[in-house]
2 protein chains.
Amino acid sequence: MANHYSIAEENYIKAIYHLQQTDDNVTTNEVATELQTKAASVTDMLKKLKQKKILNYEKYQGFRLSSEGKKIALAIVRKHRLWEYFLVEKLQFGWDEVHEVAEELEHIASTKLINKLDAFLGNPKFDPHGDPIPDVNGKLPSRPQINLIDLAENKQAEVSAVGSQSKELLELLKHKKIGIGTQLEIKKKFAFDNSIEIKIIGQAAFNISQQLAQTLFVKPLK
Amino acid sequence: MANHYSIAEENYIKAIYHLQQTDDNVTTNEVATELQTKAASVTDMLKKLKQKKILNYEKYQGFRLSSEGKKIALAIVRKHRLWEYFLVEKLQFGWDEVHEVAEELEHIASTKLINKLDAFLGNPKFDPHGDPIPDVNGKLPSRPQINLIDLAENKQAEVSAVGSQSKELLELLKHKKIGIGTQLEIKKKFAFDNSIEIKIIGQAAFNISQQLAQTLFVKPLK
DNA sequence: ATAATATTTTAGATTTGTCTAAAAATATTT
DNA sequence: AAATATTTTTAGACAAATCTAAAATATTAT
């Protein structure tokens, strides 16, 4: 309850948290790319975070968050996603325009604030991008969801999450009118380029690329 | 639309704005006291703000905000007071516990956010302390209010603002059960120590000090 | 296994905002 | 108006977070 961390530190912790979801060893360069900074700056910060016992780090060896580090990361993720929910549900932001603002809001320290916000929003379990919101103890809710590319042909499903928040992806999804909750089914998978033909309920079928299918997560219906 | 300022700069601008409401010339030491820092640090920042044309400053002469500086200050005040309103009206914070959190929230940059928040809250004109909220153009709403010390004996009035947000004052007000909207009247003024006897509608009369009366603002009833 | 390449770290600078101690300017007192 | 006190500014240092350029380590390719 005592400690708190600078915005720079929090951004590093969050970036490492996200990277270690897919990598078993996070590297200096990966963090540098993620945070749009230089490897030398990352090394400096790693030493600081190691000293604060937030990180298991030995030089040249890669690293992961300690359990303390994970706890901090989950608190930041919780704040980020609750603010995104607030922006979309209460302030009528588009779900594709909340990321930057939430990046700022997530650094507001008060835990009283975030817990009251959580209650005000009705303790939502998933943010507008379909990502799970950690609870007050850092526990993530689970939801049965699979990658769109793994959905069987002619099975209906509902979009439940997107794998990235990049401007480019969100622009494409907007254009295709795909969002969280969109119901669709796979009509055909093409072996040639791994593209798939999908059909949104009530619309004409169209093709999407393998890359796009891989960033979409769905919950099978029924 | 282009510029933005660091948190430190914004805090200086806001402090100077508040000080120049009562002083015609703001001094280095006043700002140092207000921001709990040292005069030397203030001088450094004054030079920077002068260079950015936010301040009319000549060394040893005192200073005031330029019109550009005033615009920035009003934008910060707007954010602060809208967030306070949000915290009290939507998140059920007590009106005496929102100041610190709002001090953090006021530095979130997005103007889109603050304008949408304003709309969500129903474009409130006064914050929970009774202070006026500047509109999108920095214009302050006016309300006929006078200092409690200037209220005539036996005239009823409603508390509309408090002159400070200090912990000490808010603690006292809470204990006396005085808040924005409290209806009261002056029973007697004592020349000896300038204390006054007031009576809250429906309660027994009691005495308050000159200092307290001077920090309370009221709107006469009918 | 050694050379070439890529990654990571170190060394030293820079910027922002702060500080202390001392000097300069202003204000007050006698 | 001189002496004293106060306020303000300067000078120099420091911590946080960043950078560039060079050195150290690790990886890969021949």
Side-chain angles (χ1 to χ4, degrees), chain A residues 2-16 19-20 22-65 69 72-73 76 103-104 106-107 109, chain B residues 2-16 19-20 22-65 69 72-73 76 103-104 106-107 109:
Chain A
N3 282 0
H4 75 113
Y5 299 90
S6 71
I7 290 176
E9 287 170 334
E10 289 194 353
N11 284 334
Y12 276 92
I13 294 168
K14 196 179 65 150
I16 296 166
L19 288 168
Q20 73 178 22
T22 46
D23 294 19
D24 37 333
N25 233 24
V26 183
T27 70
T28 305
N29 259 2
E30 282 167 2
V31 175
T33 305
E34 179 83 4
L35 294 179
Q36 315 225 67
T37 183
K38 297 299 151 77
S41 311
V42 176
T43 300
D44 289 345
M45 184 59 88
L46 293 177
K47 284 196 257 181
K48 197 161 91 169
L49 294 179
K50 178 204 168 101
Q51 217 209 314
K52 294 191 179 184
K53 295 175 191 290
I54 284 164
L55 222 53
N56 305 323
Y57 164 65
E58 293 305 327
K59 40 153 122 162
Y60 295 106
Q61 297 313 129
F63 43 87
R64 308 201 99 229
L65 293 175
I72 300 164
I76 301 167
E103 293 276 285
E104 277 192 77
E106 73 190 4
H107 300 296
Chain B
N3 282 359
H4 79 111
Y5 299 90
S6 72
I7 290 177
E9 287 170 335
E10 289 194 354
N11 283 335
Y12 275 91
I13 294 168
K14 197 179 65 150
I16 295 166
L19 288 168
Q20 73 177 24
T22 45
D23 294 18
D24 38 333
N25 232 25
V26 182
T27 70
T28 305
N29 259 1
E30 281 167 1
V31 175
T33 305
E34 179 84 3
L35 294 180
Q36 313 225 67
T37 185
K38 298 298 152 78
S41 311
V42 176
T43 301
D44 288 346
M45 184 59 89
L46 293 177
K47 286 196 255 182
K48 197 162 93 171
L49 294 179
K50 179 206 167 97
Q51 217 208 312
K52 293 191 179 184
K53 295 176 190 288
I54 283 164
L55 222 55
N56 305 323
Y57 164 64
E58 292 305 327
K59 34 152 123 171
Y60 296 106
Q61 295 315 128
F63 43 87
R64 309 201 97 227
L65 293 175
I72 300 163
I76 302 167
E103 293 275 286
E104 278 192 76
E106 74 191 3
H107 300 296

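Nothing here was measured: the structure is a model prediction, and the numbers come from that model. To find a chain, count down the sequence lines: A is the first, B the second, and so on, and within it residues start at 1.
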So B:Asn11 and B:Glu106, side chain to side chain contact (heavy atoms under 4.5 Å, CB included) or not? Walk me through it. CA-CA 10 Å; B:Asn11 283 335; B:Glu106 74 191 3; 3.8 Å; yes
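- Residues B:Leu19 and B:Phe63 fail the side-chain proximity criterion, which asks for heavy atoms closer than 4.5 Å.
- What separates CG of A:Asn25 from P of D:dA26 is a distance of 14 Å, to the nearest Å.
- If you check every strand for non-hydrogen atoms under 4.0 Å, A:Thr43 touches a base.
- Backbone-only engagement by A:Tyr57 is indicated by non-hydrogen atom pairs under 4.0 Å involving sugar-phosphate atoms exclusively.
- Between A:Tyr5 and the phosphate of D:dA16, there is no side-chain N or O to OP1/OP2 separation shorter than 4.0 Å.
- Rounded to the nearest 0.5 Å, atoms CG (B:Leu46) and NZ (B:Lys59) are 12.5 Å apart.
- Within the structure, a side-chain polar atom (N or O) of A:Lys38 is placed less than 4.0 Å from OP1 or OP2 of D:dT20.
- Regarding A:Glu58, its CD atom lies at a distance of 17 Å from the C1' atom of C:dT7, rounded to whole Å.
- Close to D:dT7, at under 4.0 Å from its OP1 or OP2, lies no side-chain N or O of B:Thr27.
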Under 4.0 Å protein heavy-atom contact, by nucleotide of nucleotides 21-28 of chain C - B base, S sugar-phosphate only: ---BSS--
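- Rounding to whole angstrom units, CG of residue B:Asp44 and C1' of C:dC19 are separated by 10 Å.
- Pair assignment for C:dT16 gives D:dA15, based on Watson-Crick or G-U wobble hydrogen-bonding distances that are each under 3.5 Å.
- The pair B:Lys14-B:Glu34 fails the salt-bridge criterion, with no side-chain N (NZ, NE, NH1 or NH2) lying under 4.0 Å from an Asp/Glu carboxylate O.
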